[in-house]
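Here is the structure we will look at.
For the single chain, residues carry numbers from 1 onward in sequence order.
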Amino acid sequence: MSALLEVTGATKRFAGVTAVDTVDLSVGQGEIVGLIGPNGSGKSTMVNLVTGDLMADTGSIRFRGEDITALPAWKRARLGMARSFQMIRLFRSLSVSDNLLLAKHAGMETTLGDSLMGRAAAREEEERLRVRARELLAWFELEAFADRPVGALSIGQQRMVELARGVIADPTLFVLDEPAAGLSPPNVDRLIVLIRRMRDEFGMAILLVEHDMRVVRDLCERLVVLDSGLKLAEGAPAAVTSDPKVVEAYIGTGWKRHARG
């Protein structure tokens with residue numbers, strides 16, 4: 001499987017503390033890779049290095065064959081990278097539809113000036129975007145909430161809006177940061193099905209950061225485990241979750257309970 005994302009020797013320090021220490025990470029075309037580890041292991045820093053919210057002190061990052069190590073987040077997004085956040089970041093006062101439209105506007109071919117001038121190309125692109133937004137809202141079973149403010153929706157529904165907002169950007173890599181956080185067990189079940197369908201139907205690869213081991217076990221073909229900024233283990237979920245080093249790293253964090261449950 002060819003590497004869509006390839007991180008080599010990534011290191012990030014904060015005031016003398018090494019949050020990520022020479023970590024290698026790859027995600028293949030259409031692959032679902034889990035990034036796991038105890039609190040403070042460096043997962044969030046690693047995700048921010050991948051997406052460009054932080055810059056690595058050393059190491060390199062390649063995406064779709066291009067060196068993106070020095071590119072800011074918005075340029076990485078234009079190359080086909082999307083992300084969600086552990087703490088939901090939606091425009092709560094805007095409608096569900098408008099949240100999706102805003103996510104795509106930065107990648108539109110026509111400009112704001114074209115829209116303000118009422119040019120035909122801008123109107124046509126805007127209409128295509130609205131059609132696509134309606135299609136995705138139906139796909140995520142959100143069409144009934146299209147005109148409602150996002151803030152009026154439940155946490156589970158807001159998680160679905162955030163996924164739809166990422167998908168509308170047509171990413172080749174979608175970085176999901178704890179998408180199961182705050183969800184009830186039935187909604188976690190639905191999330192698992194939706195993430196697998198997102199990969200299968202939209203052809204995207206997924207880098208999944210998650211504490212819920214049922215989600216990780218059911219979805220991921222490969223796991224990467226971080227501990228204190230270092231890569232502790234990598235491999236198939238069954239092998240990684242039974243690795244004594246990994247179990248030891250999670251003592252006191254509920255690993256055994258989650259791994260079995």
Side-chain angles (χ1 to χ4, degrees), residues 32-39 43-44 47-48 51 53 73 77 81-107 129-171 173-202 204-220 253-255 257-259 261:
I32 302 179
V33 175
L35 180 63
I36 65 173
N39 290 332
K43 301 186 305 296
S44 294
V47 163
N48 287 331
T51 59
D53 293 284
M81 191 181 295
R83 73 169 296 179
S84 69
F85 295 87
Q86 180 181 357
M87 301 299 291
I88 296 172
R89 298 187 185 182
L90 297 170
F91 295 96
R92 294 175 57 83
S93 63
L94 296 182
S95 71
V96 170
S97 289
D98 284 344
N99 268 271
L100 266 64
L101 295 175
L102 279 175
K104 185 65 174 176
H105 265 291
L129 179 55
R130 290 187 179 279
V131 169
R132 178 60 174 155
R134 288 194 292 269
E135 290 172 350
L136 281 177
L137 290 178
W139 197 92
F140 282 96
E141 299 180 3
L142 292 166
E143 64 270 35
F145 309 100
D147 298 321
R148 295 190 191 181
V150 162
L153 274 57
S154 70
I155 292 296
Q157 291 165 336
Q158 289 183 38
R159 287 284 181 202
M160 296 302 105
V161 175
E162 193 167 44
L163 293 179
R165 186 179 65 173
V167 171
I168 200 170
D170 298 318
L173 175 67
F174 200 166
V175 181
L176 302 180
D177 192 354
E178 298 198 30
L183 298 187
S184 65
N187 277 330
V188 171
D189 292 338
R190 181 173 176 238
L191 177 73
I192 291 169
V193 172
L194 282 173
I195 291 175
R196 187 178 292 113
R197 283 186 62 202
M198 283 163 51
R199 188 273 304 274
D200 294 345
E201 296 185 24
F202 300 123
M204 65 182 65
I206 293 170
L207 178 61
L208 173 68
V209 181
E210 187 53 69
H211 279 296
D212 189 319
M213 295 312 298
R214 181 164 59 98
V215 176
V216 169
R217 232 182 10 245
D218 286 357
L219 283 172
C220 298
T253 68
W255 167 268
R257 172 170 55 83
H258 287 303

Report the distance from atom [atom1] of [X] to atom [atom2] of [Y], rounding to the nearest 0.5 Å.
| X | Y | atom1 | atom2 | result |
| --- | --- | --- | --- | --- |
| Met160 | Leu142 | CE | CG | 8.0 Å |
| Asp212 | Leu183 | CG | CG | 9.0 Å |
| Leu102 | Arg165 | CG | CZ | 9.0 Å |
| Asn187 | Ile155 | CG | CD1 | 11.0 Å |
| Leu101 | Leu129 | CG | CG | 5.0 Å |
| Asp147 | Asp98 | CG | CG | 8.5 Å |

What closest approach, in Å, do [X] and [Y] show between heavy atoms, and which atom pair accounts for it?
| X | Y | result |
| --- | --- | --- |
| Ala180 | Glu210 | N-OE1, 3.1 Å |
| Trp139 | Glu201 | NE1-OE1, 3.0 Å |
| Ala133 | Leu100 | O-CD2, 3.9 Å |
| Gly166 | Ala82 | O-CB, 3.9 Å |
| Glu143 | Ala138 | OE1-CA, 3.3 Å |
| Leu163 | Phe174 | O-CE1, 3.6 Å |

Self-check item: Ile206 side chain near Cys220 side chain, heavy-atom distance below 4.5 Å
Solution: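 Contact flag for Ile206/Cys220 side chains = no.
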
Practice problem: Evaluate the side-chain proximity of Leu191 to Ile195: yes if any heavy-atom separation is below 4.5 Å, no if none is. | Solution: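 SC-SC contact between Ile195 and Leu191 confirmed.
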
Quiz item: Can you list the steps and then say if Phe140 with Val167 is a side-chain contact (heavy atoms from CB on, under 4.5 Å)?
Solution: CA-CA 10 Å; Phe140 282 96; Val167 171; 4.1 Å; yes

Exercise. Evaluate side-chain contact (heavy atoms from CB on, under 4.5 Å) for Met204 paired with Met198, printing each intermediate quantity in order.
Key: CA-CA 7 Å; Met204 65 182 65; Met198 283 163 51; 4.1 Å; yes

Quiz prompt | Check ion pair Lys43-Asp177 (N to O, under 4.0 angstrom) | solution =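 Looking at Lys43 and Asp177, the cut-off is not met.
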
Quiz item: Between Arg132 and Asp170, is a side-chain contact (heavy atoms from CB on, under 4.5 Å) present by the stated rule, with each step listed?
Solution: CA-CA 11 Å; Arg132 178 60 174 155; Asp170 298 318; 4.0 Å; yes

Self-check item: Donor-acceptor contact below 3.5 Å, side chain Arg159 vs main chain Gly182
Solution: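 Here the side-chain-to-backbone pair does not exist.
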
Quiz item: Going through the distances and angles, do Asp53 and Val47 end up as a side-chain contact (heavy atoms from CB on, under 4.5 Å)?
Solution: CA-CA 8 Å; Asp53 293 284; Val47 163; over 6 Å; no

